[in-house]
Amino acid sequence: MNSTYIVIIFSSLFFVAPNLYAKDWKSFDRELVLKSGPKNQCPDGRAYAIVKKNVFLLGQNHSFSLEKTNAPVEEKVEEGCSYKTESMVSETKLVEKTVRTKCPNLKENGILEESIELKNESLTYKNIFINEASKRSEFECLYQ
């Protein structure tokens, strides 16, 4: 009877263990080593969480909330753009979707969606921007 329980527990650990890496954003801390993507646009530096602030940082200029937003967070920058940002969080993916309006440079108005995804031992950053004229620009960065 005891050996049956041990086998069940061991089997459960065996199947769950590969996913533990992707689930724990808060303990992720790694230097970014770019495998593919536009070097001049891909974030560089480190990817890690600041647990006290519930934020995941990708390089020096990209941050992702580790909490899903219930409603868009609004921000207005004096003499700058207005922002509405939504955060989506899953075990393997973080997404920040931002609507920019009232920007001094009209080309900056539009929808920006940034995401990072963990798959196996790699991390993928994706950046999609659609301006007010529906012109789309997109790039993806793969890190090992």
Side-chain angles (χ1 to χ4, degrees), residues 5-144:
Y5 289 117
I6 292 170
V7 170
I8 292 169
I9 291 170
F10 180 73
S11 297
S12 298
L13 288 174
F14 178 76
F15 290 111
V16 172
N19 294 327
L20 289 176
Y21 182 81
K23 286 183 181 178
D24 200 356
W25 288 100
K26 291 182 178 183
S27 66
F28 190 93
D29 187 350
R30 183 188 298 173
E31 284 295 319
L32 295 171
V33 178
L34 186 63
K35 185 174 180 179
S36 66
K39 190 173 183 175
N40 62 336
Q41 293 178 298
C42 292
D44 62 354
R46 275 178 53 214
Y48 63 99
I50 299 177
V51 177
K52 289 181 182 179
K53 294 190 177 193
N54 226 8
V55 168
F56 188 86
L57 299 176
L58 182 67
Q60 298 171 348
N61 301 316
H62 302 277
S63 64
F64 295 81
S65 175
L66 291 171
E67 292 181 346
K68 180 186 182 300
T69 53
N70 293 326
V73 175
E74 295 186 39
E75 178 184 8
K76 294 179 183 179
V77 177
E78 195 173 313
E79 297 182 33
C81 304
S82 292
Y83 303 89
K84 275 188 184 178
T85 303
E86 291 181 81
S87 300
M88 292 157 269
V89 179
S90 76
E91 292 177 355
T92 59
K93 193 172 187 176
L94 302 175
V95 179
E96 294 287 324
K97 185 176 181 179
T98 303
V99 177
R100 288 191 303 226
T101 58
K102 301 178 185 168
C103 294
N105 181 350
L106 296 178
K107 291 180 182 179
E108 294 178 9
N109 289 331
I111 300 170
L112 172 65
E113 185 173 304
E114 295 177 285
S115 64
I116 52 176
E117 186 171 12
L118 289 171
K119 284 185 184 174
N120 302 321
E121 292 293 316
S122 65
L123 181 114
T124 302
Y125 167 74
K126 192 169 189 175
N127 179 303
I128 302 168
F129 180 69
I130 303 170
N131 69 16
E132 287 183 329
S134 297
K135 183 177 178 187
R136 180 184 179 110
S137 63
E138 179 176 343
F139 66 91
E140 189 172 286
C141 310
L142 177 64
Y143 301 95
Q144 288 297 89

Using every non-hydrogen atom in the two residues, find where S63 and L57 come nearest and quote the distance to one decimal. CB-CD2, 3.6 Å
If you count every heavy atom of other residues, nucleotides or ligands that lies below 6.0 Å from N105 atom CG, does the total exceed 12? yes
Applying ring pair (Phe, Tyr, Trp, His ring centres under 6.0 Å) as the test, list every pair that has at least one member in residues 50-105; sequence neighbours left out. W25-F56, F28-F56, H62-Y125
Any salt bridge (Lys or Arg N to Asp or Glu O under 4.0 Å) involving residues 46-67? Give me the pairs, sequence neighbours left out, ordered by first then second residue. D29-R46
Which value, rounded to the nearest 0.5 Å, describes the distance between N131 atom CG and E108 atom CD? 11.0 Å
Before giving the answer on side-chain contact (heavy atoms from CB on, under 4.5 Å), spell out for K68 and S87 the whole-Å C-alpha distance, their side-chain angles and the decisive distance to 0.1 Å. CA-CA 5 Å; K68 180 186 182 300; S87 300; 5.7 Å; no
Going by disulfide bond (SG atoms under 2.5 Å apart), name the pairs with one or both residues in residues 104-144, residues two or more places apart or in two chains. C42-C141
Which pairs count as disulfide bond (SG atoms under 2.5 Å apart) when at least one residue sits in residues 66-96, sequence neighbours excluded? C81-C103
To the nearest 0.5 Å, what is the distance between CD (E75) and CZ (R100)? 12.0 Å
Kindly give the heavy-atom pair with the smallest separation between K39 and L34, and that separation in Å. CA-CD2, 3.9 Å
Side chain to side chain donor-acceptor pair (under 3.5 Å) filter on S65, not counting sequence neighbours, yields none
Taking every heavy atom of A49 against every heavy atom of L66, the minimum-distance pair comes out as CB-CD1, 4.1 Å
Sorted by chain and residue number, the side chain to side chain contact (heavy atoms under 4.5 Å, CB included) partners of E86 (sequence neighbours excluded) come out as T69, P72
Out of curiosity, T98 OG1 to F129 CZ, how far, rounded to the nearest 0.5 Å? 10.5 Å
Who are the side chain to side chain contact (heavy atoms under 4.5 Å, CB included) partners of S82, not counting sequence neighbours? K76, T101, K102
Would you compute the distance between atom CG of N127 and atom CD of E138 and round it to the nearest 0.5 angstrom? 8.5 Å
From I128 atom CD1 to S115 atom OG, the distance as rounded to the nearest 0.5 Å: 6.5 Å
Hits for salt bridge (charged side-chain N to carboxylate O under 4.0 Å, His left out) against E31, two or more places apart or cross-chain, chain-then-number order -> none
Evaluate E113 against V95 for side-chain contact (heavy atoms from CB on, under 4.5 Å), listing each step before the verdict. CA-CA 7 Å; E113 185 173 304; V95 179; 3.9 Å; yes
Taken in chain and number order and not counting sequence neighbours, the residues that satisfy side chain to side chain contact (heavy atoms under 4.5 Å, CB included) with L142 are K35, S36, S122, T124
If you compare all heavy atoms of K26 against all heavy atoms of V51, which two are closest, and at what distance to 0.1 Å? O-CG2, 3.7 Å
If the condition is side chain to side chain contact (heavy atoms under 4.5 Å, CB included), which residues does I111 pass it with, not counting sequence neighbours? K97, V99
Atom pair CG/OH of L123 and Y143 - distance to nearest 0.5 Å: 7.5 Å
